[in-house]
Undergrad: 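Here you go, one structure.
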Amino acid sequence: MLVEKNVPLQSYNSFGIAARAHTLVRVRSAQGLHALLADQRLGAQPLFVLGGGSNIVLTGDVKPVVLKMEIPGMRLLEETERGWLIEAGAGERWHDLVAWTLQQGWPGLENLALIPGTVGAAPVQNIGAYGVELQDRFHSLVAVDFASGQPFTLDAAQCAFGYRDSVFKHAAPLAAHEGSGLPRGMGLAGRAVITHVRLWLRKDWRPELGYLDLERKRQEEGVAAPTAQQIFDWVCAIRRAKLPDPALIGNAGSFFKNPTVTPEQCQDIIAREPKIVHYPLADGSIKLAAGWLIDACGWKGKTVGRAGVYDKQALVLVNRGTPEDSVTGGEVMTLAKAIQTSVYERFGIRLEPEPVVL
Ligand code: EPU
């Protein structure tokens, strides 16, 4: 177990915010994790799990012990007539897993190409893009309970996936887990860490083209029945055109969740704002495009201090500083609050941040 002190985190968070970890431990195996949790001094302290750092805003130095998850490995666990069961270590880059499965000839993850972050972080916020969410391909995961050091397995229902949500984002127990025998009742936020994720990729694969941008691309290319590789290429092209590459411009992807409203609320807003972008959901509620709301308030391309609103997608806040003089988490949150206030004042809608603010 390698314990490092006073570690710069600037290259470990995709915003590129300069902050330090008082203590950082690299976790490269389940055994390493076990040793850490059994350590009388380290194991007793508050812990913070860091994956790819692509969904966090650091507002200061991190005092909890940072577990930098670096568990490697991608393998086929089982192949049946119906599909492939694959497993990946929490430390693998999500996009590498997507690319690897396609190279093997196993389709299913192509719509989720180029999402930054690690495999272990993917279930935490149930990553999603272009009509597919992690939960649609999820089989199970292995996590380790901080208190007991014991591994346990969760299936999809036990993960309680929602829109950018799971049991790993909640501290309070969820009703879904009552009597399930899982450790101490769940929410698992701050109580466990994911070590491995298993996905089920079906052989009766069909392209998922429901998302407008993808369908447009299909028509432009004149392809009737695209392959998974073609969809992968299109998703990469769409993302590269719309979203900033964190290697060049620091950011944490979408900064706010797309809010949902009742049909009545939506009608009320449409009466005032006929152009509002909205999508009906299966449960009868209506999802509004937060990017549109922010854009409509005139924020696109604006800069406040060293924090900015990306000029091609208003839902993405970016670091307009330099590595030597980077944006602070405080500046990002000041901008975020100003955006929330103006969206609330104009539309009566409260935007909820997506990243974890630390
Ligand atoms: N829009 C504007 N102005 C903007 C941005 C968007 O008018 O500045 C409008 C667009 O015209 C479009 C609508 O808003 O009609 C939706 O925009 P987009 O297709 O870019 O998708 P999104 O809802 O803003 C979501 C996810 C993204 C994901 C894309 C594609 C959330 C919070 N964001 O964005 O996920 O890549 O769909 O599926 O759900 C992320 O979570 O970090 C992320 C990037």
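One-based numbering, in listed order, for ligands and for the atoms of each. The analysis underlying the following values was restricted to heavy atoms, covering all of them including side chains, and did not include hydrogens, waters or symmetry mates.
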Undergrad: Centroid-to-centroid, Trp106 to Trp100, below 6.0 Å?
TA: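 Distance test on ring centres: under 6.0 Å, yes.
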Undergrad: Can you measure from CD1 (Ile238) to CG (Leu243) and round to the nearest 0.5 angstrom?
TA: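 Ile238 atom CD1 to Leu243 atom CG measures 10.0 Å (nearest 0.5 Å).
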Undergrad: Who's the nearest protein heavy-atom neighbour of atom 3 (N) of ligand 1, and how far?
TA: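 Answer for atom 3 (N) of ligand 1: Asp295 OD2, 2.8 Å.
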Undergrad: Looking only at protein heavy atoms, which one is nearest to atom 14 (O) of ligand 1, and how far off is it?
TA: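 That would be Ala289 CB, 3.3 Å.
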Undergrad: Would you mind reporting whether Trp94 and Pro116 have side-chain heavy atoms less than 4.5 Å apart?
TA: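 Of all side-chain heavy-atom pairs linking Trp94 with Pro116, none is under 4.5 Å.
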Undergrad: Nearest to atom 40 (C) of ligand 1, what protein heavy atom do you find, and at what distance?
TA: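 Answer, as residue, atom name and distance: Ser254 OG, 3.2 Å.
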Undergrad: Return yes when atom NZ of Lys203 has more than 12 non-hydrogen atoms of other residues, nucleotides or ligands closer than 6.0 Å, and no otherwise.
TA: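 For Lys203, atom NZ is crowded (more than 12 foreign heavy atoms under 6.0 Å).
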Undergrad: Can you confirm whether or not the ring centre of His22 sits under 6.0 Å from the ring centre of Phe48?
TA: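 Distance test on ring centres: not under 6.0 Å, no.
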Undergrad: Would you call Asp268 and Arg272 a salt bridge, taking side-chain N to carboxylate O under 4.0 Å as the test?
TA: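 Yes, charged N to carboxylate O under 4.0 Å.
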Undergrad: Does at least one non-hydrogen atom of Gln125 fall below 4.0 angstrom from an atom of ligand 1?
TA: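 It does not; every heavy atom stays at 4.0 Å or beyond.
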Undergrad: Between Asp61 and Arg20, is there a side-chain N and carboxylate O pair less than 4.0 Å apart?
TA: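 A salt bridge is absent here (no side-chain N lies under 4.0 Å from a carboxylate O).
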Undergrad: Give the numbers and elements of all ligand 1 atoms closer than 4.0 Å to a heavy atom of Arg164.
TA: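 The list of qualifying atoms is 26 (C), 27 (C), 31 (C), 33 (N), 35 (O), 39 (O), 40 (C), 41 (O), 43 (C).
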Undergrad: What protein heavy atom lies closest to atom 38 (O) of ligand 1? Include the residue and the distance to one decimal.
TA: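 Checked against all protein heavy atoms, atom 38 (O) of ligand 1 sits closest to Tyr130 N, 2.7 Å.
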Undergrad: Closer than 4.0 Å to some heavy atom of Arg239 - which atoms of ligand 1 meet that?
TA: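 Those of ligand 1 that fall under 4.0 Å from Arg239 are 36 (O), 44 (C).
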Undergrad: Going by the order shown, which atoms of ligand 1 are within less than 4.0 Å of some heavy atom of Tyr279?
TA: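 Contacts of ligand 1 toward Tyr279, numbered from 1: 13 (C), 15 (O), 16 (C).
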Undergrad: Salt bridge check, Lys68 against Glu70: does any charged N sit closer than 4.0 Å to a carboxylate O?
TA: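 Lys68 and Glu70: salt-bridged.
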Undergrad: Which value, rounded to the nearest 0.5 Å, describes the distance between Met74 atom CE and Leu199 atom CG?
TA: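 Here the rounded value is 12.0 Å.
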Undergrad: What residue and heavy atom of the protein are closest to atom 1 (N) of ligand 1, and at what distance?
TA: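 So the nearest neighbour among protein heavy atoms is Trp292 N, 3.7 Å.
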Undergrad: At what distance, to the nearest 0.5 angstrom, does CD of Gln230 lie from CD of Glu110?
TA: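 Rounded to the nearest 0.5 Å, the CD-CD separation comes to 11.0 Å.
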Undergrad: May I ask you to list the atoms of ligand 1 that are less than 4.0 angstrom from any heavy atom of Tyr211?
TA: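 Contacts of ligand 1 toward Tyr211, numbered from 1: 18 (P), 19 (O), 21 (O), 29 (C), 30 (C), 37 (O), 38 (O).
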Undergrad: Please list the nearest protein heavy atom to atom 11 (O) of ligand 1 with its residue and the distance rounded to 0.1 Å.
TA: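 Looking at atom 11 (O) of ligand 1, the protein heavy atom closest to it is Val277 CG2, 4.8 Å.
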Undergrad: Considering the heavy atoms of Ala314, write down every atom of ligand 1 situated less than 4.0 Å from one of them.
TA: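 Atoms satisfying the 4.0 Å criterion: 4 (C), 5 (C), 8 (O).
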Undergrad: What protein heavy atom lies closest to atom 23 (O) of ligand 1? Include the residue and the distance to one decimal.
TA: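 Going by distance alone, atom 23 (O) of ligand 1 is nearest to Asn258 ND2, 2.9 Å.
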Undergrad: As an exercise, identify every atom of ligand 1 less than 4.0 angstrom from a heavy atom of Tyr163.
TA: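 Counting atoms of ligand 1 from 1, those under 4.0 Å from Tyr163 are 31 (C), 32 (C), 39 (O).
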Undergrad: If the cut-off is 4.0 Å to any non-hydrogen atom of Phe256, which atoms of ligand 1 fall inside it?
TA: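 With Phe256 as reference, the close atoms of ligand 1 come out as 32 (C).
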Undergrad: Tell me the protein heavy atom at minimum distance from atom 5 (C) of ligand 1, and give that distance in Å.
TA: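 Checking every protein heavy atom, the shortest distance to atom 5 (C) of ligand 1 gives Gln313 OE1, 3.2 Å.
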Undergrad: Which one of Leu335, Val327, Val332, Ile17 satisfies the side chain to side chain contact (heavy atoms under 4.5 Å, CB included) criterion with Arg306?
TA: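 Among Leu335, Val327, Val332, Ile17, the one that satisfies the side chain to side chain contact (heavy atoms under 4.5 Å, CB included) with Arg306 is Val327.
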Undergrad: Considering only heavy atoms of Lys242, which atoms of ligand 1 have at least one such atom less than 4.0 Å away?
TA: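 Selected atoms, number and element: 18 (P), 19 (O), 20 (O).
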Undergrad: Would you mind finding which of Gly291, Gly128, Gly253 brings a heavy atom closest to atom 6 (C) of ligand 1?
TA: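 Heavy atom nearest to atom 6 (C) of ligand 1 belongs to Gly291.
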